[in-house]
Asker: 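Got a structure for you, written out below as structure tokens; questions coming shortly.
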Number of protein chains: 2
Amino acid sequence: MSTNVIDISVQPSTELFIKMVVSNWELQNSRLNSLLAQLTDDELAKETAQGRNSGVYLLGHLTAVSDALLTYLGLGDRLYPQLDDLFLKNPESAFLEKPSPAELKEYWTKVNEVLTEKMNAMQPNEWFKPHSAIALDIFEKEPHRNRLNILINRTVHQGYHIGQLVYLVKK
Amino acid sequence: MSTNVIDISVQPSTELFIKMVVSNWELQNSRLNSLLAQLTDDELAKETAQGRNSGVYLLGHLTAVSDALLTYLGLGDRLYPQLDDLFLKNPESAFLEKPSPAELKEYWTKVNEVLTEKMNAMQPNEWFKPHSAIALDIFEKEPHRNRLNILINRTVHQGYHIGQLVYLVKK
């Protein structure tokens with residue numbers, strides 16, 4: 001009822017704010033999944049634009065970044081740390097053997113399953129604690145740099161690369 | 001001090017939520033501004049990839065979308081509604097005359113000046129009210145679809161197109 005609306009708008013709950021951020025994260029995941037469903041493995045292996053990263057590299061990159069969220073959010077060990085050298089620490093190289101598109105799609109799906117399960121199990125106040133890469137003395141001065149903020153940042157990062165991956169879809 | 005950190009993480013304030021979202025929005029604006037500073041007008045007029053939107057079209061598109069935030073957030077009249085036909089409602093056309101890169105950069109800067117000023121003047125609880133395009137009966141069931149949520153969504157949208165605009169920068 002409208003009193004309900006007024007209550008919410010006057011005093012938003014912590015749960016509401018978490019839902020706002022997590023639902024935007026899930027929206028990007030579902031957009032990437034729809035995009036992957038439209039592309040053959042050969043199409044995914046192509047450059048997103050002339051001389052730019054391939055779809056395979058960007059999928060590996062996004063998988064590694066999402067996998068690293070397990071560490072940033074204090075949710076336990078990473079699943080695929082071996083992806084960092086190929087897709088995070090180094091630019092794309094034709095000389096390094098990458099996992100196959102099928103393997104990368106499997107890793108991507110698994111990372112999101114585990115992340116979703118562990119994020120859903122977090123207590124609301126856990127989201128507002130410092131992430132693993134910020135010093136406590138800095139966090140005390142900049143408390144907005146918390147775990148939920150990292151998820152907002154990674155959601156935008158995913159959107160950035162989805163904007164490039166969409167160029168693999170034939171017009 | 002650390003008690004301060006604990007207080008914040010246990011009971012984050014509405015102001016903290018808003019700062020998290022607005023700071024991510026401002027980060028995307030500053031990234032686009034840095035990118036524009038690297039590009040000549042001729043470079044901005046080029047296609048971001050073969051057969052894809054030009055930088056000029058994407059800058060006009062992002063300017064129109066940000067201008068429309070004035071309406072979504074209930075912050076008053078839009079500055080450049082005339083951009084919608086060219087950059088929002090229709091795909092890019094070689095046959096329609098667009099504003100010059102210099103004009104579009106001016107519009108982009110002005111929209112962000114006005115948006116920033118008006119967003120900073122909003123009362124915290126205003127952000128958690130329904131945006132202009134959602135029906136009240138739906139908002140009562142989905143209160144996370146508020147004005148702040150629209151800003152998260154538009155921040156990701158901007159990241160999506162920045163990922164394409166960055167292809168205009170020579171490697």
Asker: Is there a chain of hydrophobic side chains (I, L, V, M, F, W, Y, each step under 4.5 Å between heavy atoms) that links A:Leu88 to A:Leu96?
Answerer: no
Asker: If you group Ile, Leu, Val, Met, Phe, Trp and Tyr by side-chain heavy-atom gaps below 4.5 Å, do B:Leu58 and B:Val65 land in one group?
Answerer: no
Asker: If you count the non-hydrogen atoms of other residues, nucleotides and ligands that lie under 6.0 Å from CG in A:Asp77, is the total more than 12?
Answerer: no
Asker: About how many Å separate CG of A:Asn153 and CG of B:Asn24, when rounded to the nearest 0.5 Å?
Answerer: 6.0 Å
Asker: Is any residue of residues 45-56 of chain A within less than 4.5 Å of chain B by heavy atoms, and which ones?
Answerer: A:Thr48, A:Ala49, A:Gly51, A:Arg52
Asker: So which residues of residues 78-87 of chain B are in contact with chain A at a heavy-atom cut-off of under 4.5 Å?
Answerer: none
Asker: So which bits of residues 25-38 of chain B come within less than 4.5 Å of chain A, counting non-hydrogen atoms only?
Answerer: B:Leu27, B:Gln28
Asker: Honestly curious: do A:Tyr160 and B:Val156 fall in one hydrophobic cluster under the side-chain, below-4.5 Å linking rule?
Answerer: no
Asker: Determine whether A:Leu168 and A:Tyr57 fall in the same hydrophobic cluster, where Ile, Leu, Val, Met, Phe, Trp and Tyr are linked whenever their side-chain heavy atoms lie under 4.5 Å apart.
Answerer: yes
Asker: For B:Asn120, look at atom CG and say whether over 12 heavy atoms of other residues, nucleotides or ligands are found less than 6.0 Å away.
Answerer: yes
Asker: Show me the donor-acceptor pairs, under 3.5 Å and distance only, between side chains in residues 15-23 of chain B and residues at least two apart or in other chains.
Answerer:
{"unit_1": "B:Ser23", "atom_1": "OG", "unit_2": "B:Lys19", "atom_2": "O", "d": "2.8"}
{"unit_1": "B:Ser23", "atom_1": "OG", "unit_2": "B:Met20", "atom_2": "O", "d": "3.1"}

